[in-house]
Every structure is written in C-alpha cells, then in structure tokens.
Amino acid sequence: MKHQKIPLLEEAFKKAMLARNRAHAPYSNFKVGAVIKLAGIDKLYSGCNVENASFGATVCAERVAIFSAIASKGKVPFEYMLLVTDMNPCAVPCGICLQVIAEFTYPEFPIYLSNLTGVQEKVMLGDLLPRGFTSFT
Ligand code: THU
C-alpha cells in the first residue's frame, strides 16, 4: 500500500510489530499488535493482547493501545489506528474493540490493517461498525 503522506505510519508499523512480540497469548497463540496515533502531535501508543487463564479477562491489543494513550494523556483526539497480525487477508478489530474505538473517534476514523510484511489496507471505522451504539443519555 502507498502511504507516504500518512505521518509516522512506518514508525507505527514497527512499533506495533514490537508490541506484538510482547503479546501474552499462551492460550490462543494468536499475537496482535496495535498502535494509536494522537492527532496533531508525533505521539504513538502501542498495545498487545494480554490473555488470562480466565479467558474473559483477556484484553485485545487495540484496547490496550487506546487505554494506554488515555491513561497518559486523557481523552485526546486520535488520528489513526494500526493493527498487525500474521493473518492474510488482514484481521480487523473485534466488535468490542470497534465499540471502544467508536467511543473516542468518528465514523471516518482510519484503521490501517497490516500483516507481518507491512500495511496492506486502510478501512474506516464506519465501514466496520456502521451503526454502533452511542449513548443512552
Ligand atoms: N485479539 C486482539 O488482540 N484483537 C482483536 O481485534 C481480535 C482478537 C486477541 C484476543 C485474544 O488474545 C486473541 O486475539 C484471540 O482471540
């Protein structure tokens, strides 16, 4: 995929690969790395999936990346997310992660899907979650 104009995209891929290597996935053996970029500044936060013997306690890489950014910076605007797995075609975020991404972004939010060789595809949050739940207030 051509992506010269996307700020820090190559760095984001490398950071996601490093995070993926730190995945704790002894049950599924499926390692995931994710990076979220803050809008307007050169700041990337990464995450990996962290599994648990009580399977429901597992947290996906995307949520770890977003929660890490929020823990450091508070609720700030995000520019894009990048996801890396070894799947071909590339994996997309799970439904729970899409719901979390939706909480902090917008339907046109770009998500770059990658395999181990690099970014392959760009999708928008709204393509994957066209009519997500927003709020009951
Ligand atoms: N996983 C993620 O980290 N992100 C996703 O979007 C899908 C699934 C993780 C959770 C679990 O550790 C493993 O992949 C298998 O589902």
Side-chain angles (χ1 to χ4, degrees):
M1 202 189 115
K2 290 225 180 262
H3 48 69
Q4 290 95 333
K5 286 175 295 184
I6 313 300
L8 296 188
L9 197 65
E10 194 54 37
E11 291 84 349
F13 174 70
K14 287 179 186 153
K15 201 172 168 77
M17 287 284 281
L18 291 172
R20 180 179 175 274
N21 286 337
R22 296 189 290 269
H24 175 69
Y27 306 104
S28 71
N29 287 314
F30 183 63
K31 295 181 166 209
V32 186
V35 159
I36 190 127
K37 184 186 177 297
L38 270 50
I41 60 169
D42 287 352
K43 194 83 187 153
L44 303 170
Y45 287 90
S46 63
C48 61
N49 52 329
V50 183
E51 298 186 347
N52 191 273
S54 176
F55 294 170
T58 291
V59 187
C60 294
E62 298 91 319
R63 276 174 286 150
V64 172
I66 289 177
F67 295 163
S68 169
I70 291 172
S72 289
K73 295 283 184 184
K75 185 179 180 296
V76 288
F78 296 129
E79 190 168 336
Y80 61 76
M81 170 165 267
L82 181 148
L83 184 63
V84 61
T85 72
D86 65 0
M87 278 180 63
N88 293 293
C90 295
V92 295
C94 80
I96 294 176
C97 288
L98 292 174
Q99 184 69 35
V100 170
I101 295 166
E103 182 84 13
F104 298 107
T105 65
Y106 47 89
E108 297 77 26
F109 182 72
I111 303 172
Y112 293 94
L113 308 178
S114 319
N115 60 24
L116 301 185
T117 64
V119 176
Q120 303 297 316
E121 206 181 328
K122 174 188 173 182
V123 292
M124 292 189 315
L125 173 68
D127 296 333
L128 303 176
L129 190 70
R131 197 175 166 185
F133 176 75
T134 47
S135 174
F136 49 81
T137 58

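Bear in mind the structure is a predicted one, so any value in this text is a computation, not a measurement. As the structure lists them, so they are numbered: ligands from 1, and atoms in each ligand from 1.
- Hydrophobic cluster membership for Met124: none, as no Ile, Leu, Val, Met, Phe, Trp or Tyr side chain comes under 4.5 Å of it.
- Dense packing is recorded around CG of Leu18, with more than 12 heavy atoms of other residues, nucleotides or ligands lying under 6.0 Å away.
- Pairs of residues two or more places apart, or lying in two chains, never qualify as salt bridge (Lys or Arg N to Asp or Glu O under 4.0 Å) while including a residue from residues 117-129.
- Using a 4.5 Å heavy-atom threshold, the side chains of Leu128 and Val123 count as touching.
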N/O to N/O under 3.5 Å, ligand 1 against protein:
residue: ligand 1; atom: 3 (O); partner: Ala61; partner atom: N; Å: 3.0
residue: ligand 1; atom: 4 (N); partner: Glu62; partner atom: OE1; Å: 2.8
residue: ligand 1; atom: 4 (N); partner: Glu62; partner atom: OE2; Å: 3.4
residue: ligand 1; atom: 6 (O); partner: Glu62; partner atom: OE1; Å: 3.4
residue: ligand 1; atom: 6 (O); partner: Glu62; partner atom: OE2; Å: 2.6
residue: ligand 1; atom: 6 (O); partner: Cys94; partner atom: N; Å: 2.9
residue: ligand 1; atom: 12 (O); partner: Asn49; partner atom: ND2; Å: 2.9
residue: ligand 1; atom: 12 (O); partner: Glu51; partner atom: OE2; Å: 2.5

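- Neither side chain, Ser114 nor Gln120, offers a donor N or O lying under 3.5 Å from an acceptor on the other.
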Side-chain donor-acceptor contacts of residues 80-92 below 3.5 Å, not counting sequence neighbours, with atom names and distances?
residue: Tyr80; atom: OH; partner: Pro7; partner atom: O; Å: 2.7
residue: Tyr80; atom: OH; partner: Leu8; partner atom: O; Å: 3.3
residue: Tyr80; atom: OH; partner: Leu9; partner atom: N; Å: 3.4
residue: Thr85; atom: OG1; partner: Met87; partner atom: N; Å: 3.1
residue: Asn88; atom: OD1; partner: Asn115; partner atom: ND2; Å: 2.7

